[in-house]
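Read the structure below first, then the notes.
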Amino acid sequence: MQAEARQYFSRELLAWYQRGNRDLPWRKNKDPYRIWVSEIMLQQTRVDTVIPYFERFMANFPTVQALAEAPEDEVLKCWEGLGYYSRARNLQAGAKMVMELYGGIIPDDKESVAVLKGVGPYTTGAIMSIAFNRPEPAVDGNVMRVLSRYFCLEDDIAKPSTRVGIEKLAASLIPEGAAGDFNQALMELGALVCTPKSPSCLPCPVMEHCEARMAGRETELPIKTKAKPPRQEYRLAVIVEGTAEHAGKVLVRQRPNTGLLAQMWELPHLLLDGKHSGMFAESAPKEQGELAEAAIRMLETDAGLLIRPTGWFADADHIFSHIHWRMRVYAADLGVMDGVLAAESGAPYWTGEPAATLEDMPAEERSRYRWIGRDEMDRLPFPNLFLKLLNDYWSRKS
DNA sequence: AAAACGGGGAC
DNA sequence: GTCCCAGTTTT
């Protein structure tokens with residue numbers, strides 16, 4: 001590649017961006033906190049999805065201090081539906097670090113920014129360049145795609161080592177004194193022009209020296225190995241309806257502090273073993289009294305929760321990036337299964353009076369469970385899967 | 001180096 | 001259905 005083509009790229013791309021770019025809420029000013037929040041939200045998430053979340057988050061937590069001092073549930077609630085919830089917890093942990101280490105001021109220093117929770121190589125470069133105009137590369141998926149095409153790079157962008165190489169290249173392209181605009185220009189081009197499927201080369205400001213375009217290979221690049229398909233997991237959930245003092249409420253629980261959907265709230269549920277997964281997969285929802293009974297016994301073993309299913313409620317599929325949940329949901333009440341399984345229609349249905357309370361659970365399990373009404377749902381963070389089921393439940397009730 | 005970690009939009 | 005998105009952390 002000629003030095004001239006490199007200078008052309010930097011010059012023309014920067015000029016293109018400065019002629020006009022998207023009016024995004026985090027471009028209103030250079031407040032490092034706003035840039036930081038926006039960059040965390042934008043990780044693996046589209047601009048259009050982020051915008052309303054960003055506005056709401058900044059309204060609720062306008063400063064580093066406000067975020068650092070907020071209850072964790074409120075921060076997660078503000079992130080509800082956005083996904084990758086560890087981003088929200090890490091962001092708040094980062095805000096606390098900034099309060100304690102730097103007196104609430106995000107420092108104009110790469111190493112200090114890079115150690116913040118949830119801030120990796122990309123976000124470090126984005127904050128340093130956009131907020132402080134420091135000449136650091138900010139290499140995301142857009143940048144890897146744009147540069148792979150312009151320089152006809154054939155390295156697999158799914159490999160970690162490839163990103164490191166492209167960072168060096170991107171750093172060498174930053175025009176003097178224009179790091180922030182140039183890095184954003186690179187991403188903006190990837191988002192609007194040099195798109196994954198069918199890039200719009202004709203309006204592209206750097207088409208003239210794009211090697212992939214000149215070779216007619218713009219749709220073949222970048223090279224990226226395919227992701228593994230998600231594994232299937234069959235799960236059984238219950239909507240436990242309260243009685244007496246808990247009438248009109250349902251039982252929810254908070255997930256563990258680590259792992260998938262950490263610290264989010266959910267309906268009680270369990271992973272089915274191989275045998276019961278097969279039963280799930282092979283028969284119709286309403287013909288599975290045996291499955292329901294077996295699973296409810298497992299729930300008792302699993303969580304010490306004594307319940308009686310009263311009927312089928314819904315089947316729900318939910319696909320994460322690495323797991324595909326297939327979930328069957330039964331309505332239930334608290335009690336012991338000493339009743340009789342109704343033969344009518346084959347639906348799981350136990351008769352008799354409820355005969356258990358949460359007090360029957362082990363204390364350490366019990367502490368994560370809570371009875372909530374529809375109004376209280378608005379204060380606890382639920383992942384989308386359970387949000388939909390609960391909304392569905394309460395709309396049917398009314 | 002590979003897997004875990006959400007959810008949705010575009011085709 | 002597939003791809004992948006302004007990636008980071010853990011294993």
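Keep in mind the model is a prediction, meaning the values are calculated, not measured. Each chain gets a letter, A, B and so on, in the order its sequence line appears, and its residues count up from 1.
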(Q) Could you tell me if T123(A) and Q43(A) have a donor-acceptor pair between their side chains, going purely by distance under 3.5 Å? (A) yes
(Q) Assess, by modelled atom type and distance only, whether the side chains of N142(A) and R145(A) contain a donor and an acceptor separated by less than 3.5 Å. (A) yes
In whole Å, I'd like the distance from the [atom1] atom of [X] to the [atom2] atom of [N].
X	N	atom1	atom2	value
K228(A)	dC3(C)	NZ	P	16 Å
M41(A)	dG6(B)	CE	C1'	14 Å
H324(A)	dG6(B)	NE2	C1'	14 Å
R87(A)	dG7(B)	CZ	P	10 Å
L91(A)	dG6(B)	CG	P	16 Å
D48(A)	dG9(B)	CG	P	9 Å
L76(A)	dG6(B)	CG	P	11 Å
H322(A)	dC4(C)	NE2	P	19 Å

(Q) Less than 4.0 angstrom between a side-chain N/O of H318(A) and OP1 or OP2 of dG6(B), yes or no? (A) no
Q: For residues R253(A) and L267(A), report the shortest heavy-atom separation together with the two atoms involved.
A: NE-O, 4.4 Å
Shorter than 3.5 Å, N or O on both sides, protein versus nucleotides 5-9 of chain C: list them out with atom names.
residue, atom, partner, partner atom, Å
dC5(C), OP1, R145(A), NH1, 2.7
dC5(C), O2, R46(A), NH1, 2.9
dA6(C), OP2, N142(A), OD1, 3.0
dA6(C), OP2, N142(A), ND2, 3.2
dA6(C), O5', N142(A), ND2, 2.8
dA6(C), O4', D140(A), OD2, 2.4
dA6(C), O3', L42(A), O, 3.4
dA6(C), N9, Y122(A), OH, 3.4
dA6(C), N7, E39(A), OE2, 3.4
dA6(C), N6, R27(A), NH2, 2.9
dA6(C), N1, R22(A), NH2, 3.0
dG7(C), OP1, G141(A), N, 3.2
dG7(C), OP2, Q44(A), N, 2.7
dG7(C), OP2, Q44(A), NE2, 3.4
dG7(C), N7, Q44(A), NE2, 3.4
dT8(C), OP1, G120(A), N, 2.9
dT8(C), OP1, G120(A), O, 3.3
dT8(C), OP1, Y122(A), N, 3.4
dT8(C), OP1, T123(A), N, 2.9
dT8(C), OP1, T123(A), OG1, 2.9
dT8(C), OP2, Y122(A), N, 3.3
dT9(C), OP1, G118(A), N, 2.6

Q | Carboxylate-amine/guanidinium contact E74(A) K77(A), below 4.0 Å | A | no
Q. Between R370(A) and E376(A), does at least one N-O distance fall below 4.0 Å, as a salt bridge requires?
A. no
Using the [atom1] atom on both, measure [N] against [M] and round to a whole Å.
N	M	atom1	answer
dG8(B)	dT8(C)	P	22 Å
dC5(B)	dC4(C)	P	22 Å
dG6(B)	dC3(C)	C1'	16 Å

(Q) As a test of understanding, state which of E241(A), R374(A), K388(A) forms a side chain to side chain donor-acceptor pair (under 3.5 Å) with Y393(A). (A) E241(A)
Q: Assign each of K197(A) and S161(A) to its nearest nucleotide of DNA chain B by heavy atoms, then name whichever residue's nucleotide is nearer the 5' end.
A: S161(A)
Q: Report the residue (G81(A) or R231(A)) whose heavy-atom-nearest nucleotide on DNA chain B is the more 5′ of the two.
A: R231(A)
(Q) I'd like to know whether the aromatic ring centres of W79(A) and Y84(A) sit less than 6.0 Å apart in this structure. (A) no
